[in-house]
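A note on names: the letters A, B, ... follow the listed sequences, proteins ahead of strands, and every chain is numbered from 1.
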2 protein chains.
Amino acid sequence: MLIIGAGWVGRQVAARLAMSGVTIGLIDRTPLVSQQACQWMRTCVTQSNSPLAPGSHAEPANSLEQPACNPSEVSIAAEALDRPWLQYVSALPAMQELTKQQLHQWQPHVALECVPEQLSLKKRVLRQLSELLPDKCIIASNSSYFVPSVLSQFVRLPERFAHLHFHVPVLRQSVADIVGCSQTRPEVLQQLRHLAERIEQYPLMLRHEHPGYVFNWLLQAVLKAALELVALDVVDSEDVDRSWKAVTGMQVGPFGMMDQIGLDVIDQVLSNARWAVPLTVSQEQLLAILRPLVEKGRLGVKSGAGFYDYQEPNP
Amino acid sequence: MLIIGAGWVGRQVAARLAMSGVTIGLIDRTPLVSQQACQWMRTCVTQSNSPLAPGSHAEPANSLEQPACNPSEVSIAAEALDRPWLQYVSALPAMQELTKQQLHQWQPHVALECVPEQLSLKKRVLRQLSELLPDKCIIASNSSYFVPSVLSQFVRLPERFAHLHFHVPVLRQSVADIVGCSQTRPEVLQQLRHLAERIEQYPLMLRHEHPGYVFNWLLQAVLKAALELVALDVVDSEDVDRSWKAVTGMQVGPFGMMDQIGLDVIDQVLSNARWAVPLTVSQEQLLAILRPLVEKGRLGVKSGAGFYDYQEPNP
């Protein structure tokens with residue numbers, strides 16, 4: 001498998017896949033970055049945040065963007081001994097230096113682009129991949145920002161293109177969003193599903209593309225609501241976060257999450273007005289999800305059943 | 001202090017206040033309910049969810065609506081010995097049976113209504129309280145649904161009326177929302193602040209009223225976004241919850257939260273179209289919160305500073 005983009009996300013995906021025995025070729029426009037990523041795997045990826053230690057949710061606060069550790073903390077020599085999976089990872093030359101023949105010899109089944117969320121960059125990388133890779137190779141995007149139908153126009157074979165989207169930190173059990181464009185063949189989605197299952201990421205198969213998939217759609221709603229509270233001068237950002245943390249038990253609030261994501265990213269998303277996607281979901285459509293349950297007396301935990309069944313309703 | 005409404009929320013507020021030595025008179029339209037509430041305090045309120053054991057967030061999943069235990073689980077006699085604070089709680093007769101004189105003898109500083117979220121009921125209770133209570137007594141509402149200016153019209157002295165809103169389970173360290181109507185005197189808000197501080201609930205002082213205060217405003221955004229995903233047939237409710245839980249580390253997702261709140265309540269809120277509050281916050285206003293930070297290079301954790309300062313930026 002090829003991973004294009006060896007930054008913070010790409011290197012995590014590479015490590016997680018290699019731990020499950022998937023051969024990984026890391027490509028970055030700056031080959032030094034690929035080498036740094038391998039170095040990071042040698043020195044930073046500890047057993048505690050391995051996918052093989054499931055459910056390690058000790059610090060959900062730090063789950064959004066922060067690195068797991070400081071490279072200087074761990075001795076390289078000692079750690080390398082514990083990482084036999086590192087043999088599966090190779091830092092390849094930059095794409096423009098790779099020939100078609102070299103890549104075909106590598107026999108990749110999947111090429112996953114993890115480059116920054118700039119449309120011009122994605123366009124260039126996807127076109128290059130389409131030229132260099134054998135037809136049978138699936139081209140996938142880890143984009144959390146663009147929907148598949150926007151990116152599929154840049155590949156030669158959209159029927160073998162889909163999105164496989166990971167949440168950081170990837171080195172924790174989580175979900176992976178999987179969705180194609182209208183042309184994507186079902187077997188392509190199934191292959192990506194198997195890949196996600198292999199690394200113990202629950203494959204969340206979307207029925208059709210949707211901005212932000214599932215989690216990011218929920219998250220943007222919280223972040224927008226948080227910004228509204230400050231814009232309306234109801235409370236300060238500190239109090240928004242305080243309230244969220246106190247009631248949910250999470251270690252980070254919406255403004256802390258924005259900090260972790262990067263305010264430039266939030267700025268970009270807001271500027272592009274992607275949060276203002278005109279959805280045609282009326283109150284009636286939302287009610288239609290609840291009403292049949294309410295009419296059956298399925299009122300939630302208090303009645304013993306709602307969206308789910310509960311063994312012990314409230315006394 | 002008087003607490004009107006001895007249901008699931010009222011009894012928790014009463015227990016938490018009594019634990020800090022506040023004398024509580026519990027009033028319910030069905031006096032049996034007040035007695036049941038006292039019985040619940042004797043049998044159910046364990047040390048583990050006492051406000052004096054801070055930060056017990058072991059199960060944020062159950063934080064929204066579920067009772068802490070089953071009354072039949074605990075022996076009454078044994079437990080009563082450990083609860084000297086129970087002496088501070090009295091079950092009073094129903095309000096219609098109380099005379100003005102009886103209530104004045106009680107010398108309440110604050111009367112907090114915790115009755116169900118029906119406007120006609122709130123109206124009746126607030127009017128009765130206005131008639132019966134001495135002028136100096138603060139009348140407060142725990143409503144999470146109506147804003148203060150809606151309820152203040154039902155009290156005789158709106159300058160001594162405000163909202164003091166608790167989050168369930170109240171027996172855990174959390175935040176209490178405090179906000180008045182335009183007539184509310186500052187010293188009234190200060191007294192409610194001291195009351196919240198006395199029971200170790202962080203007083204969240206809103207600058208002006210806002211639907212859902214802070215947390216419920218954020219929550220409604222998530223719940224609405226979750227319903228949208230199902231209405232748009234992107235994924236099923238189970239997958240929405242799976243995604244939320246996997247990425248946040250919380251033990252409950254949006255649909256599980258709706259179950260805990262009660263689908264009838266969500267139905268009512270949606271039907272009243274309270275989620276469609278026409279806010280006049282533009283993209284530009286939201287950007288105005290972020291842009292000055294971005295321009296200063298405060299990009300979040302990765303640059304060492306954003307809304308907050310971070311000691312160790314990402315390597």
For a 4.5 angstrom cut-off between non-hydrogen side-chain atoms, does B:H210 reach A:D233?
no
Of the backbone (N, CA, C, O) and the side chain (C-beta and beyond), which part of B:F255 lies under 4.5 Å from a heavy atom of chain A, both, or neither?
both
Check: A:L229 and B:L218 side chains under 4.5 Å, non-hydrogen atoms:
yes
Any side-chain heavy atom of A:T248 sitting closer than 4.5 Å to one from B:F215?
yes
Smallest heavy-atom separation, A:L263 atom then B:G306 atom, equals CD1-CA, 3.9 Å
Shortest non-hydrogen pair, B:A246 vs A:V175, comes out as CB-CG1, 3.8 Å
What part of B:I289 gets within 4.5 angstrom of chain A, counting heavy atoms only: side chain, backbone, both, or neither?
side chain
Does any part of the side chain of B:F307, heavy atoms only, come nearer than 4.5 Å to the side chain of A:E238, both counted from C-beta?
no
Residue selection (most heavy-atom pairs with chain B, distance under 4.5 Å) from A:D239, A:L299, A:V222
A:L299
Atom group of B:Q201 that falls short of 4.5 Å from chain A, counting heavy atoms
neither
Can you tell me if A:H167 uses its side chain to pair, donor with acceptor, with the backbone of B:S243 under 3.5 Å?
no
Provide the closest heavy-atom pair for B:L287 versus A:D267 in the form atom of the first, atom of the second, distance.
CD2-O, 3.8 Å
If I take atom CG from residue B:D259 and atom CG from residue A:L293, how far apart are they, to the nearest 0.5 angstrom?
8.0 Å
Under 4.5 Å from a heavy atom of chain A, the part of B:V179 involved:
neither
Please give me the minimum heavy-atom distance between A:V265 and B:K302, naming the atom from each residue.
CG2-NZ, 4.1 Å
Please state whether the side chain, the backbone, both or neither of B:V230 comes within less than 4.5 Å of a heavy atom of chain A.
both
Let's test your reading of the structure: which of B:D236, B:V240, B:D177, B:D264 forms the most heavy-atom pairs below 4.5 Å with chain A?
B:D264
Interface residue of largest heavy-atom contact number with chain B, from A:H208, A:R242, A:R291, under 4.5 Å:
A:R242
Okay, A:V214 and chain B: the region with an atom under 4.5 Å from a heavy atom over there is both
Report yes if the side chains of B:R207 and A:V234 come closer than 4.5 Å at any heavy-atom pair, otherwise no.
no
With a 4.5 Å heavy-atom cut-off, do A:D241 and B:Y308 have their side chains touching?
yes
